[in-house]
2 protein chains.
Amino acid sequence: MDDTIARYCEFHYGQSYFGVPNFPASLAEMCLRLTRDRPRREALDLGCSVGRATFELARGFDHVTGLDFSAREIQVGAELLEQGFTRYELLEEGELSSLREITLADLKLDGTREKVAFYQADACNLKELYTGYDLILAANLIDRLYDPRKFLVMIHQRLNPGGLLVIASPYSWDEDITDKEKWLGGIRKDGEPYTTLTALHEILAPNFSPVGDALKTPFVLRITQNRFEHTLSEVTVWEKRKPES
Amino acid sequence: MDDTIARYCEFHYGQSYFGVPNFPASLAEMCLRLTRDRPRREALDLGCSVGRATFELARGFDHVTGLDFSAREIQVGAELLEQGFTRYELLEEGELSSLREITLADLKLDGTREKVAFYQADACNLKELYTGYDLILAANLIDRLYDPRKFLVMIHQRLNPGGLLVIASPYSWDEDITDKEKWLGGIRKDGEPYTTLTALHEILAPNFSPVGDALKTPFVLRITQNRFEHTLSEVTVWEKRKPES
C-alpha cells in the first residue's frame with residue numbers, strides 16, 4: 001500500500017487532528033439529517049475514495065453504493081467490507097512509519113456491511129445502471145474530474161424527483177488534473193472574477209433548487225507526524241426539482 | 001512576484017489562520033524571552049526567508065542580520081527595509097487573486113529598520129564574516145539544506161560563548177532537497193528507528209548543552225482561500241558551552 005492510500009485511510013478511519021471532526025463522517029451525518037423526513041432507499045457516494053462516508057450513509061439508507069475512479073482506493077473499501085478490517089503504514093518522519101489497523105466494529109459500522117457495495121467508475125462517464133438515487137454525495141470530487149461540467153449537467157438524471165445532490169469541494173483547480181478551459185470557476189469571465197460557486201448555481205439551475213447556504217467545512221489530511229494539509233471544503237446542497245403538476 | 005514568495009509574505013506578515021499565532025513573530029518572542037538576562041548585541045536569523053523574525057528580533061537586539069539562500073526572498077526583506085512596505089498577490093481560487101499591502105509601521109516594526117540588514121548566503125558554506133553572535137535562529141532551515149550536518153558541526157564557531165542556537169524544524173526530509181544519505185534522522189540505523197531529534201543531540205553534544213525540552217510549535221501556510229499547509233515545527237534550544245575555567 002503506498003503513502004497516498006495510507007493518507008486516505010487515516011483521513012477516513014484514523015484519529016482527528018487539530019480538533020477537526022472526521023470529514024466523511026460529518027458529511028454523511030449532514031446527509032442523514034437532511035434526509036430525516038425523506039425517502040432513504042438508495043444513496044450514491046460518488047468519489048468515495050476508501051469509503052468511510054459510504055459506510056456511514058448506510059446507518060440511515062437501505063443501500064449505499066460507493067464509486068471511485070481509483071481502483072486502489074475502492075480496494076480498501078472492498079477489503080473492509082469483506083474482512084471487516086484493514087492495515088496501513090502511517091508515515092512518521094523521513095522514511096520511518098508505524099503500522100495501524102482499523103476495524104469496522106470499532107467504528108460501530110459492522111452492521112452496515114450488508115447494505116454497502118463498492119465499484120470502480122468514472123463520474124464523467126457514469127454507466128446507466130447507476131440511477132434511481134434519493135441522495136448523491138460528491139465529496140471532494142468536482143475539482144478532481146477531467147470534465148466537471150459534463151458530470152454536473154448529467155447528474156440530475158440519476159436522482160429521483162426531490163432527491164438531493166450534496167457537493168463538497170475546496171475548488172482546488174489544478175491544470176495537471178483538469179484542463180484550464182474545463183475549470184468551472186476560479187477564472188476571469190469578460191474581465192470579471194467568476195467563482196466556482198457562481199458556476200455551480202448557473203449550471204445546476206435548470207434542474208435543481210439550492211437548499212440552504214454554502215458552508216465551508218474543514219478537513220485535515222495527515223502527511224507525516226508533523227505535516228498536514230488543512231483544507232476548507234465548501235458544501236452546497238441541491239434538490240432535484242419535481243415535475244410541475 | 002510568484003506564488004511561492006506571496007505565500008511566504010502572507011505567512012510572515014499576513015493574517016493568522018485557524019487561530020494559530022504568527023510563527024516567525026512567536027519564535028522571535030521566544031528568543032527574546034530566552035535572552036532577557038543575556039547579552040543582546042548581535043543576532044543572526046539564518047534562513048530568514050522574507051524576514052519577519054529578523055525585524056522582530058531587532059525589538060530586543062542591537063543588530064540583527066537576516067540571511068537566506070533565496071535572493072528573491074531576501075529581496076522582500078530588503079524592500080521592506082528600504083521603503084517600509086511591500087505588496088503581494090494572494091491566491092484566492094483557481095487563477096483569481098487579490099492584492100495585499102503590508103507595512104512595517106502597521107506591525108510597529110518601523111523603529112527596527114536601522115538595526116536590520118539582509119544578505120543572500122549559503123548556510124552550509126557561511127562566509128567567515130558572519131560570526132560573533134549572541135543568538136542564532138535557524139527556523140525551518142535544517143531540512144532545506146543540502147548538507148545539514150556540515151551546518152551543525154560548524155555553527156558553534158559563529159556564536160559567542162554562552163550564546164544560544166534556536167532550531168525549529170518539522171524534519172520534513174525530502175530527497176529532492178537533501179540526498180537521503182545526508183538526512184540527519186527519520187531513517188533506520190542498525191535496523192532501529194533513528195529520529196532527527198536524537199541526531200541533533202548527538203551532533204550538537206560536543207559544543208552545546210540543551211536548554212529545556214523540545215516543543216512542537218504550529219504554523220500555517222496559506223495556499224489559496226481554502227487550502228493551507230498546517231505544520232508542527234519542533235523547537236530546540238542549545239547553549240554554546242563556555243570554555244572550562
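Keep in mind it's a predicted model, so treat the numbers as computed, not measured. Per chain, numbering begins at 1; letters A, B, ... match sequence-line order.
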Would you please go through residues 12-29 of chain B and name the residues with a non-hydrogen atom below 4.5 Å from one of chain A, in numerical order?
-> B:F18
Do B:E93 and A:T196 have side-chain N/O donor and acceptor atoms under 3.5 Å apart?
-> yes
Roughly how far apart are A:L232 CG and B:R227 CZ, rounded to 0.5 Å?
-> 11.5 Å
For A:L96 and B:I187, the nearest pair of non-hydrogen atoms, with its separation, is CD2-O, 3.3 Å
Count the heavy atoms of every other residue, nucleotide or ligand shown that sit under 6.0 Å from OH of A:Y8, and state whether that count exceeds 12.
-> no
Do the ring planes of A:F228 and B:H230 sit parallel (below 30°), tilted (30 to 60°) or perpendicular (above 60°)?
-> perpendicular
For A:T195, is it the side chain, the backbone, both, or neither that has a heavy atom closer than 4.5 Å to a heavy atom of chain B?
-> both
Proximity of residues 164-171 of chain B to chain A, residues having a non-hydrogen atom under 4.5 angstrom | B:P170, B:Y171
Atom CZ of B:R149: over 12 foreign heavy atoms under 6.0 Å | no
side-chain contact (heavy atoms from CB on, under 4.5 Å) evaluation trace for A:Q225 with B:K216 = CA-CA 11 Å; A:Q225 64 175 339; B:K216 290 193 181 186; 3.8 Å; yes
Choice from A:E175, A:E92, A:R188 maximising heavy atom contacts with chain B below 4.5 Å | A:R188
